[in-house]
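What follows is a single structure, written as structure tokens, with notes after it.
Index from 1, following the sequence.
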Amino acid sequence: MRKLGDLTLHTVNAGTFGLDGGAMFGVIPKPLWSRKIPADDRNRIRLAMRCLLIEGPDRLVLVDNGIGDKYDAKFGDIYGIETESGDLHSSLRSAGFGVEDVTDVILTHLHFDHCGGSTRRSNGRLSLTFPRAKHYVQVDQWRTANAPNSREAGSFLAENLEPLASSGQLVLLEGRQQILPGVSVITVDGHTEKMQLVKFEAGGETLVFAADLLPTRFHLRAAWTMAYDMRPLQTIEEKSVLLGDAIENGWHLFFEHDPEVEVASVVAGERGPEVVNERPLIDL
């Protein structure tokens with residue numbers, strides 16, 4: 001838990017999973033990226049599914065929610081999903097809340113590892129995990145998810161989308177907007193169409209939930225982009241803008257997938273932007 005002006009921020013651990021290290025670092029050779037994050041015998045690197053819960057004066061906002069628990073054994077094995085250190089529901093309980101308390105869910109984008117916890121299956125039927133919450137998605141991301149290109153099709157799962165579509169609780173946004181005082185979204189297009197980063201401003205401090213623009217602290221360098229990015233050159237430009245603003249204004253970055261670091265600041269190093277003051281959210 002960390003106070004940021006009138007906001008109280010909690011880290012929510014939705015478990016860990018594994019993705020191919022080569023895909024996570026694109027053109028970067030394995031001898032380089034494996035020094036940062038070692039791969040297992042299936043070339044997967046261990047990644048966090050780290051979400052953020054924000055208490056406002058009258059709202060409880062969750063940013064992303066991991067893979068969820070609807071997957072079968074084959075899916076769990078492919079992605080090496082582990083929840084022994086905590087899952088979405090136990091992490092919410094540790095913060096003192098349940099799914100009924102969440103009033104708003106901001107989904108950075110609709111790839112399964114970011115929105116799978118939005119829906120649940122009970123007695124063979126799908127429903128919303130957060131029954132009282134509005135769910136915020138960029139309209140162009142929603143359109144992309146429902147008519148995906150061939151490269152992204154495997155990342156958008158109908159079981160995560162259909163309950164939202166029929167719920168009446170889906171809020172489609174267009175571009176930058178304020179969700180509530182001190183909480184706004186910024187859109188980027190390199191990773192997928194209109195992914196939204198979430199910016200928190202309160203008490204003279206700024207924290208940016210970097211989503212898959214900067215999935216780990218190792219992705220700060222320009223060429224260290226993911227093969228999952230639809231437009232890698234645009235990702236490079238968008239990283240440059242965000243990191244420049246973070247350096248100039250002293251912003252903190254929240255890393256969703258970094259296996260170790262929750263929050264860090266950024267400075268201009270000899271070889272480009274680099275992180276400093278790596279720490280848990282509570283020590284921000």
Side-chain angles (χ1 to χ4, degrees), residues 10-19 44 46-55 58-139 141-148 152-173 179 192 196 211-212 256-257:
H10 305 262
T11 297
V12 170
N13 172 24
T16 66
F17 73 129
L19 289 178
R44 299 174 302 186
R46 179 61 40 193
L47 297 168
M49 290 184 283
R50 185 178 295 115
C51 312
L52 194 56
L53 186 69
I54 307 98
E55 285 183 77
D58 58 356
R59 308 271 281 277
L60 187 66
V61 183
L62 179 65
V63 181
D64 282 354
N65 47 52
I67 283 177
D69 56 11
K70 303 184 299 296
Y71 55 87
D72 59 20
K74 180 180 179 181
F75 188 95
D77 176 66
I78 289 171
Y79 292 103
I81 301 169
E82 293 184 2
T83 57
E84 293 180 2
S85 61
D87 60 16
L88 177 65
H89 298 277
S90 64
S91 193
L92 282 173
R93 287 194 298 270
S94 294
F97 301 102
V99 294
E100 297 83 3
D101 298 314
V102 177
T103 61
D104 305 87
V105 175
I106 302 175
L107 298 171
T108 60
H109 59 300
L110 297 169
H111 289 172
F112 62 76
D113 56 310
H114 294 259
C115 74
S118 300
T119 63
R120 58 186 172 186
R121 183 179 284 111
S122 178
N123 298 322
R125 299 185 65 181
L126 290 167
S127 62
L128 294 188
T129 302
F130 307 98
R132 295 181 53 237
K134 295 179 179 178
H135 293 67
Y136 299 86
V137 180
Q138 287 288 320
V139 63
Q141 172 62 190
W142 181 255
R143 291 170 180 156
T144 296
N146 283 277
E152 279 189 284
S155 295
F156 298 121
L157 304 182
E159 63 189 16
N160 297 330
L161 304 179
E162 291 171 357
L164 273 175
S166 60
S167 69
Q169 292 166 240
L170 175 65
V171 180
L172 296 176
L173 305 176
I179 304 298
T192 184
Q196 51 190 8
D212 277 354
E256 187 165 10
H257 289 316

Exercise for the section: Measure the spacing between CG of Asn65 and NE2 of His114 and express it to the nearest 0.5 Å. Expected result: 10.5 Å
Problem - Ring geometry between Phe130 and His135 (parallel below 30°, tilted from 30 to 60°, perpendicular above 60°) - result: tilted
Practice task
Answer whether the closest heavy-atom distance between the side chains of Leu110 and Asn160 falls below 4.5 Å.
Solution key: no
Exercise for the section: Drop me the distance from Ile67's CD1 to His111's NE2, to the nearest 0.5 angstrom. Expected result: 13.0 Å
Practice task
Please answer whether the main-chain N or O of His89 pairs with a side-chain N or O of Asp87 as donor and acceptor at a distance below 3.5 Å.
Solution key: yes
Practice task
Give a yes or no answer on whether the side chain of Asp101 reaches the backbone of Gly98 with a donor-acceptor pair at less than 3.5 Å.
Solution key: yes
Exercise for the section: Would you please test Phe156 and Thr192 for side chain to side chain contact (heavy atoms under 4.5 Å, CB included) and show each step? Expected result: CA-CA 11 Å; Phe156 298 121; Thr192 184; 4.0 Å; yes
Exercise for the section: Starting from the C-alpha separation in whole Å, work towards a yes-or-no answer on side chain to side chain contact (heavy atoms under 4.5 Å, CB included) for His257 and Asp113. Expected result: CA-CA 10 Å; His257 289 316; Asp113 56 310; 3.2 Å; yes
Problem - Val102 side chain near Phe97 side chain, heavy-atom distance below 4.5 Å - result: no
Exercise for the section: Output, in order, the C-alpha distance, side-chain angles, deciding distance and verdict of side chain to side chain contact (heavy atoms under 4.5 Å, CB included) for Ile54 and Leu60. Expected result: CA-CA 6 Å; Ile54 307 98; Leu60 187 66; over 6 Å; no
Practice task
Determine whether Thr108 and Asp212 make a side-chain contact, defined as any pair of heavy atoms from C-beta on separated by less than 4.5 Å.
Solution key: no
Handout entry: side chain to side chain contact (heavy atoms under 4.5 Å, CB included) partner of Gln169, chosen from Val105, Leu128, Leu164
Key = Leu128
Exercise for the section: Please tell me if the side chains of Glu256 and Val63 come closer than 4.5 Å, counting only heavy atoms from C-beta onward. Expected result: no
Practice task
Check whether more than 12 heavy atoms from other residues, nucleotides or ligands sit under 6.0 Å from atom NZ of Lys134, and answer yes or no.
Solution key: no
Practice task
Quick one: pull up NZ in Lys74 and CG in Asp77 and give me the separation to the nearest 0.5 Å.
Solution key: 10.0 Å
Problem - Aromatic ring proximity Phe17/Tyr71, centre distance under 6.0 Å - result: no
Practice task
Using distance alone, with no hydrogens and no angle criterion, decide if Gln138 and His109 have a side-chain donor and acceptor under 3.5 Å apart.
Solution key: no
Problem - Asn13 and Ser91 side chains, donor-acceptor separation under 3.5 Å - result: no
